[in-house]
Participant: 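Submitted below is the structure of interest, expressed as structure tokens.
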Amino acid sequence: MTRRHLSLILVFVMWVAAPAALAQKSAKPAAKPSTPSFGNVDGISAKQLREYLTFIASDELEGRDTPSRGLDIAAMFIAQHLSSWGIKPAGDNGSYFQKIPLRLNKIDTDKTRLEINGQSYTYGKDFLASQIGANIAGAPLVFVGNGWVIKSKNIDPYAGLDIKDKVVVVVNTLPKGITFNDLKGPAGGDWFSPPLYAQTNGAKAVIAFSSFGNLANWEGVKWNQSEKGQVEFGKPQTQITIPTFTVTPRVIGAMFAGEKASGGSLFTRSITGDAMDSFDLKAAKKLNATVAVKTENIHTQNVVGILEGSDPVLKNEYVAIGAHYDHVGMNPFAAGDDKIWNGADDDGSGTVAVLSIAEAFAKGKERPKRSMLFIWHAGEEKGLWGSEYFANNPTVPITSIITELNIDMIGRYQNPGDENHPQNKNLPKQGEVFTIGSRMMSTELGDLSDSVNKTFLNLAFNTKYDDPKDPEQFFYRSDHFNYAKKGIPIIFYMDGSHADYHQPSDSVEKINFESMEKVTKTIMATGWTLANTAKRPTVDKPLPASVLAGN
């Protein structure tokens, strides 16, 4: 074969093959623009969130009070799932549970008594009493109207009165024209409640007119005092160490018999807002009382799990993602048919969001470099108990936590008409979520949060409540605050308040799971990015002492 023949054959082959090669090349799909990876973020779904929340916010869990059987069942439910996904226990003694010691105080009804002017009265029938033990003998009585002191409003019903060693008698209302929004700053500063002022000035106790409109309310308070009981965590939570007695009209009538004003007229004035002069009751009228309290040491628990990071060095640092899994329980004597506060949004939504994020991390093909700390706090509704306990008794070195992402209510968004609803108009719009604190302590954390969001689902981050001085005080009202106090930068995700907040009507059917899915995915993407950054977010703006103190 000559060179000329070979050249012709090669040209022919190339001519025949070219269209096929071009066709093959053109058949390839166009390359998609590269997007950042956020791990197994697609492992989170609205269906999954709905399934978890349907259980967590069910009647069978009885509102998940702290402590309660329902809360314990929720803790077991969470722990069982963590175990099945291979997430390691990070509680006490190799368990998922970090036990929190509590005290339970109940009125001992058989030993609690009240006597006025020689007439004995029966607990539960004639009077109720706060769970503060006391023995009072021969104390005189003084009536002080509403009993509130508000310096900025020039309200002081005690002017000219000596209440030391006496029992203060009050009608159970705020002064005319005053709302709780008028009480600025901490108690004991500009304002005093009747028990606080009485205690501060040496009184022995407070007697309050009953303001309960029906027997069910009376029975509900009695049940809380003597059967359910009052739970305390750490140091006693109240500033008040003197008892308050709530008395029926029968007791009020006898107490004011022969006085310058009758009990009935004083009660009527408290309703109409008419002025009431303060005065000492007749010297012969004395109070003798015993409040007996039974105390029991009990516990509740945080639920804590760890997904260990893949980097041999960075795995010793943690990104914490948390929520509180408690709510406010139930009251068999509550008005209406529904006696259970299911807490679907508050904070069932946060509870199952953290659970879904933990599942997605655990089932992902790739592990993050840092470890993930998943934590469900108890007792948030009682005063941030669970997060306070963990922050002071951490199961990992507290300084190894680089950020805490707190999820408290992310299930509700504006529906048509809510923009004109007085209680729902402040809900976030579709595609929006309120965020608090992302830049409060760390500029880098805020930048990272915004960057992740913009390259992912691009939600609208509404910072309406971001200032600690905002009147709603949301920065102080959820578990992230106890982490921030330890110098850990935080981001708080929430939907704010609405008509069903702390009502039995906060139920699953009102949750918008599609919007909740987007927020949950965004939080996971943020956590994933934090867990894989080369360096932890720098705290360049430590919280001032006034913020740390909650002022």
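Computed from heavy atoms alone, side chains included, the values below leave out hydrogens, waters and symmetry copies.
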Participant: What residues form a side-chain contact (heavy atoms from CB on, under 4.5 Å) with Lys222, not counting sequence neighbours?
Facilitator: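 Scan of Lys222 (side-chain contact (heavy atoms from CB on, under 4.5 Å), adjacent residues dropped) gives Tyr123, Leu128, Glu219, Ser226.
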Participant: Just wondering, are more than 12 heavy atoms of other shown residues or ligands nearer than 6.0 Å to NZ in Lys541?
Facilitator: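 Yes, because the 6.0 Å sphere around NZ of Lys541 holds more than 12 heavy atoms from other groups.
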Participant: Does either side chain, that of Gln423 or that of Asp500, offer a donor lying less than 3.5 Å from an acceptor on the other one?
Facilitator: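 Their side chains do not contain a donor-acceptor pair, so the 3.5 Å distance test is not met.
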Participant: Taking the side chain as everything from C-beta on, heavy atoms only, tell me whether Phe461 gets closer than 4.5 Å to Ser438.
Facilitator: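 A side-chain contact under 4.5 Å is absent here.
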Participant: What residues form a side-chain contact (heavy atoms from CB on, under 4.5 Å) with Val452, not counting sequence neighbours?
Facilitator: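 Listed in chain order: Phe38, Leu448, Ala525, Thr526, Thr529.
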Participant: Does Phe55 have its ring centroid less than 6.0 Å away from the ring centroid of Phe77?
Facilitator: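 Ring-ring flag for Phe55/Phe77: true, centres closer than 6.0 Å.
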Participant: Looking only at side-chain N and O atoms, does Asn512 offer a donor or acceptor that is under 3.5 Å from a partner on Gln430?
Facilitator: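 Yes, Asn512 and Gln430 have a side-chain donor paired with an acceptor closer than 3.5 Å.
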Participant: Suppose we call two aromatic rings close when their centres sit under 6.0 Å apart. Are His299 and Phe97 close by that rule?
Facilitator: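 Aromatic pair excluded; centres sit 6.0 Å or further apart.
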Participant: Compare all side-chain heavy atoms of Asp466 with those of Met440 and state whether any distance is below 4.5 angstrom.
Facilitator: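 Answer yes - side chains close enough.
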Participant: Verify whether one side chain among Gln199 and Thr241 offers a donor that lies under 3.5 Å from an acceptor in the other.
Facilitator: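 Thr241 and Gln199 do have a side-chain donor-acceptor pair below 3.5 Å.
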Participant: Taking 4.0 angstrom as the limit, do Lys106 and Glu296 come out as a salt bridge?
Facilitator: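 No, this pair does not count.
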Participant: Just by distance, with hydrogens left out, do His327 and Asn342 show a side-chain donor and acceptor under 3.5 Å apart?
Facilitator: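 No, no side-chain donor-acceptor pair sits under 3.5 Å.
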